[in-house]
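Predicted, not measured: the structure shown is a model, and the values here were computed from it. All chains are named by letter (A, B, ...) in the order of the sequence lines, taking the proteins before the strands, and each is independently numbered beginning at 1. Hydrogens, waters and symmetry mates play no part in the numbers below; they use all other heavy atoms, side chains included.
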2 protein chains.
Amino acid sequence: MNLKELSAILGLSPTTVSRALNGYPEVSEATRRRVLAEAKRQNYHPDTRAKRLATGRAMTIGHILPVSKEHEMVNPIFADFLAGAGEVYAGAGYDLSLAVVRDEDEAEAYRDLARRGTVDGVVLHGPKLDDPRIPLLRELGLPFVVHGRSTDAEGDYNWVDVDNRRAFARAARHLLDLGHRRIALINGLADMDFALRRLFGFSDALAERSLPVEDRWTAHGEMTETYGYETVRGMLEAHDPPTAFLVASIIPALGARRAIHDMGLRIGDEVSVVIHDDALSYFRNEGTPPVYTAVRSSVRKAGRLCADLLLQSIAEPNRAPDHILLEAELSLGQSSGPAPRLFRQRKSR
Amino acid sequence: MNLKELSAILGLSPTTVSRALNGYPEVSEATRRRVLAEAKRQNYHPDTRAKRLATGRAMTIGHILPVSKEHEMVNPIFADFLAGAGEVYAGAGYDLSLAVVRDEDEAEAYRDLARRGTVDGVVLHGPKLDDPRIPLLRELGLPFVVHGRSTDAEGDYNWVDVDNRRAFARAARHLLDLGHRRIALINGLADMDFALRRLFGFSDALAERSLPVEDRWTAHGEMTETYGYETVRGMLEAHDPPTAFLVASIIPALGARRAIHDMGLRIGDEVSVVIHDDALSYFRNEGTPPVYTAVRSSVRKAGRLCADLLLQSIAEPNRAPDHILLEAELSLGQSSGPAPRLFRQRKSR
DNA sequence: CACGTCATTCAAAGCGCTTTGGACGCAACG
DNA sequence: CGTTGCGTCCAAAGCGCTTTGAATGACGTG
């Protein structure tokens with residue numbers, strides 16, 4: 001059943017039927033109703049391919065899932081982000097096209113998307129400092145919104161980001177208020193923009209109390225469970241271990257927990273942990289109080305907001321870039337407590 | 001730059017240029033070379049939309065990401081699976097279209113995909129017992145491959161699955177060999193096909209030693225960290241706790257670990273844990289020996305195989321359905337050890 | 001009553017590609 | 001020398017939709 005057949009049945013021209021279905025005003029209400037009724041009866045659904053060619057719009061948003069070369073690592077927050085964005089796309093009649101690409105081929109992948117006209121816009125994930133993808137997308141003329149921001153990237157662009165600096169300052173202050181003075185930051189990869197902002201926030205809070213940021217207590221790495229385990233374990237085994245850890249995601253925090261237990265220490269008592277919680281659906285930080293003290297911001301919500309913003313800027317191409325800055329709230333959980341009174345002694349393995 | 005312009009530049013008809021570019025034989029080698037060279041020089045790339053309309057093929061594979069209603073839960077293995085499948089699609093010139101859909105709308109989503117012609121085939125995720133989506137897809141005439149299998153679903157269909165029954169029997173035997181007699185199964189949702197097979201495998205191994213499957217030691221649920229924590233904690237608090245846990249995924253196993261520690265018990269010593277490991281990229285079960293004793297099977301590899309199989313069956317529509325059964329290997333880790341000699345006493349909270 | 005206006009409808013021309021059904025020239029063949 | 005066959009190439013007809021420009025008729029107006 002295609003448009004031609006349907007209009008033949010109705011005794012109307014394809015023009016009128018098309019307009020009736022797409023809500024154009026130059027068709028009488030009576031005819032519109034008749035058309036809609038018949039379309040439903042015939043179970044007519046316009047062919048997407050033809051529609052796309054005729055309108056020149058792909059009605060599709062592109063997401064590029066970069067896979068890091070060394071570890072074949074997939075960003076664990078990706079699925080939840082997509083779940084949020086996907087909801088919005090579905091509601092607006094858009095499809096979501098996902099391209100899995102090796103890190104180093106990412107620029108070419110964007111070029112390809114723009115050229116082939118398969119997408120009307122893209123979401124840029126995991127921005128780095130001065131990210132080259134931003135000028136690239138601008139040059140390609142492809143509407144985009146960045147999940148995160150890119151320090152030093154010139155020019156304005158759409159973004160949705162958490163106030164990471166403020167969140168981490170808040171988290172660090174919480175630990176400082178509890179009396180901790182030896183605080184470690186278990187951060188993400190150093191070239192990620194969010195990691196820098198988190199470091200700044202951490203450092204802001206320490207500076208307020210005139211404390212220095214110690215290199216040995218600042219780790220950067222891909223946020224896996226193993227990374228959390230190894231760095232925390234390493235720090236705890238040193239002769240002057242931290243009493244608190246600020247961990248950039250719940251996943252390395254799980255490794256941190258394992259390390260702390262393996263060292264025979266108790267979380268929230270002998271060692272405090274505060275995390276950034278992306279509210280991943282399979283890692284709800286639940287309980288009363290929640291398992292982890294956390295600065296929380298739902299990545300799924302960020303997905304929804306990114307999608308909204310992108311669809312808007314596709315609808316109005318000349319709109320000025322917009323920004324959404326999300327606040328992360330601190331919620332107290334079981335994993336943080338007062339700094340131990342006595343300077344904790346090193347325990348053996 | 002489109003085909004018409006390109007052929008004008010070359011002084012050839014669009015027909016010939018199209019054939020030259022698509023490798024048809026009825027064009028001389030000299031012309032083909034000339035066309036290819038000019039296409040590259042002009043940076044010509046055919047418009048995907050037009051190509052799709054003209055060929056009637058979408059050159060796209062659909063994946064439906066169902067979001068469970070109650071917990072807004074996204075399957076954590078999804079991202080890694082897509083990373084594997086996506087690699088294959090990219091290599092074959094296919095796009096990947098992802099639809100985020102509420103559980104209850106899934107059937108309609110498949111209908112929609114088939115009707116609108118946006119995809120050439122789909123991958124079916126998370127099959128349940130006698131899954132209605134299988135006859136539906138068959139009726140829609142949409143090529144598909146199932147990641148997993150569906151017990152009782154009539155008729156043959158493409159699938160890629162792990163031998164869950166064998167894997168769980170093997171895992172349970174390992175625990176039995178270590179002397180455990182009180183073994184709990186922390187399984188996935190009861191209506192998932194894989195969960196049933198795992199239960200069968202578990203039960204096979206117990207039956208070999210004439211042990212019954214105890215209901216109180218068999219849990220079914222959505223595989224979150226919290227689920228692992230709560231069920232394991234509940235079982236450990238009972239008056240006759242299990243000495244070993246067989247956990248269906250690394251994620252509830254993290255909760256299990258937390259519960260065991262909260263009870264003041266040591267993993268691999270006082271309590272053994274064996275997991276099914278999907279080899280998620282952000283949860284590498286690493287170390288020497290690895291953290292968890294596990295039956296392992298890479299979900300990413302499954303993604304690649306599903307994609308391969310699907311592309312094959314799209315290429316040859318009349319091919320008989322094919323099946324790939326993956327073996328999960330047991331790898332010994334730190335989390336399992338001999339059953340405690342003395343019947344362990346209950347410890348207080 | 002002639003005319004402009006408006007609402008409603010339609011024919012036809014795209015969108016950029018593929019593919020069918022020749023056309024043309026040349027070599028080989030009887 | 002006419003025919004056949006082959007290698008190359010092309011014109012034109014789609015694919016199923018949207019959209020431009022025009023036609024038609026009804027209506028109100030001077």
Side-chain angles (χ1 to χ4, degrees), chain A residues 1-36 38-39 42-60 93-95 112-120 315, chain B residues 1-36 38-39 42-60 93-95 112-120 315:
Chain A
M1 174 59 51
N2 58 22
L3 184 62
K4 208 160 134 192
E5 290 169 36
L6 180 63
S7 46
I9 291 176
L10 282 159
L12 288 168
S13 76
T15 309
T16 307
V17 177
S18 169
R19 285 183 168 149
L21 292 172
N22 291 311
Y24 283 76
E26 53 273 81
V27 53
S28 77
E29 265 317 304
T31 334
R32 186 190 308 282
R33 271 197 301 277
R34 203 161 65 86
V35 169
L36 289 174
E38 190 64 28
Q42 301 288 339
N43 192 25
Y44 168 76
H45 286 256
D47 181 302
T48 316
R49 289 184 291 255
K51 204 160 184 162
R52 285 176 180 171
L53 177 58
T55 58
R57 289 178 309 164
M59 292 305 285
T60 302
Y94 273 75
D95 282 346
D112 197 52
L113 284 183
R115 226 160 17 207
R116 290 167 47 222
T118 32
V119 303
D120 299 318
Chain B
M1 175 58 51
N2 59 23
L3 184 63
K4 209 161 135 191
E5 291 169 35
L6 180 64
S7 45
I9 290 176
L10 282 159
L12 288 168
S13 75
T15 310
T16 306
V17 176
S18 168
R19 283 182 169 150
L21 292 172
N22 292 311
Y24 282 76
E26 53 275 81
V27 54
S28 76
E29 264 319 303
T31 335
R32 184 189 309 282
R33 270 197 302 276
R34 205 160 64 86
V35 169
L36 288 173
E38 190 64 28
Q42 301 289 338
N43 192 25
Y44 168 76
H45 285 257
D47 181 302
T48 316
R49 290 183 291 255
K51 204 161 183 162
R52 286 176 180 170
L53 177 58
T55 59
R57 288 178 310 163
M59 293 305 285
T60 303
Y94 273 76
D95 282 346
D112 197 53
L113 283 183
R115 224 157 21 203
R116 291 167 47 222
T118 34
V119 303
D120 299 318

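- Atom CG in N22(B) sits about 11 Å away from atom P in dC17(C), given to the nearest Å.
- With rounding to whole Å, L10(B) atom CG is found 12 Å from dC9(D) atom P.
- The two residues T60(A) and T118(A) have their closest heavy-atom pair at CB-O, 3.4 Å.
- We find that NZ of K51(A) is positioned 19 Å from P of dC15(D), with the value rounded to whole Å.
- Counting only distance, with no hydrogens or angles, the side chain of N2(B) and the backbone of K4(B) share a donor-acceptor pair below 3.5 Å.
- For L53(B) and dT18(C), the CG to C1' distance is 10 Å, given to the nearest whole Å.
- Under the rule for a salt bridge (Lys or Arg N to Asp or Glu O under 4.0 Å), R19(B) has no partner lying at least two apart in sequence or in another chain.
- Take R116(A) and apply the salt bridge (Lys or Arg N to Asp or Glu O under 4.0 Å) test, not counting sequence neighbours, and it matches D112(A), D95(B).
- Using a 4.0 Å cut-off, no side-chain N or O of T55(A) falls inside it from OP1 or OP2 of dT18(D).
- For DNA chain C, no neighbouring residue in residues 113-120 of chain A is found when judged by any heavy atom under 4.0 Å.
- M59(B) and D120(B) make their closest contact through N-OD2, 2.6 Å (heavy atoms, listed as atom of the first residue, atom of the second, distance).
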**OP:** Under the side chain to side chain contact (heavy atoms under 4.5 Å, CB included) rule, what do E38(A) and V17(A) come out as? Steps first, then yes or no, please.
**Re:** CA-CA 10 Å; E38(A) 190 64 28; V17(A) 177; over 6 Å; no
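- Along DNA chain C, the nucleotide closest to Y24(B) and the one closest to R49(B) are compared, and the more 5′ of them pairs with R49(B).
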Atom pairs under 3.5 Å: protein N/O with N/O of nucleotides 8-10 of chain C:
residue : atom : partner : partner atom : Å
dT9(C)  : OP1  : T31(A)  : OG1          : 3.0
dT9(C)  : OP2  : S28(A)  : N            : 3.3
dT9(C)  : OP2  : T31(A)  : OG1          : 3.1
dC10(C) : OP2  : S13(A)  : N            : 2.8
dC10(C) : OP2  : S13(A)  : OG           : 3.2
dC10(C) : OP2  : T16(A)  : OG1          : 2.9
dC10(C) : N4   : R19(A)  : NH1          : 2.6

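- In this model, the phosphate group of dC15(D) is not approached by any side-chain N or O of N2(A) to a distance below 4.0 Å at OP1 or OP2.
- Distance, L3(B) CG to dG16(C) P: 11 Å, rounded to whole Å.
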Any protein N or O atoms within reach of nucleotides 23-26 of chain D? Criterion: under 3.5 Å, listing atom names and distances.
none

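- Counting heavy atoms from C-beta outward, R34(A) and L10(A) have side chains that approach closer than 4.5 Å.
- With sequence neighbours excluded, no residue satisfies side-chain hydrogen bond (donor to acceptor under 3.5 Å, both in side chains) with E26(B).
- Residue Y24(B) comes nearest to R32(B) through the heavy atom pair O-NH2, 2.6 Å, listed as atom of the first residue, atom of the second, then distance.
- Nucleotide dG14(C) holds its P atom 17 Å from the CG atom of D47(B), rounded to whole Å.
- The environment of CZ in R115(A) is crowded: more than 12 heavy-atom neighbours from other residues, nucleotides or ligands sit within 6.0 Å.
- Taking atom CZ on R52(A) and atom C1' on dC17(C), their separation rounds to 16 Å, with Å as the unit.
- When every heavy atom of L21(B) is checked against every heavy atom of A39(B), the shortest pair comes out as CD2-CB, 4.0 Å.
- Note: NZ (K4(A)) to C1' (dA13(D)) measures 11 Å, nearest angstrom.
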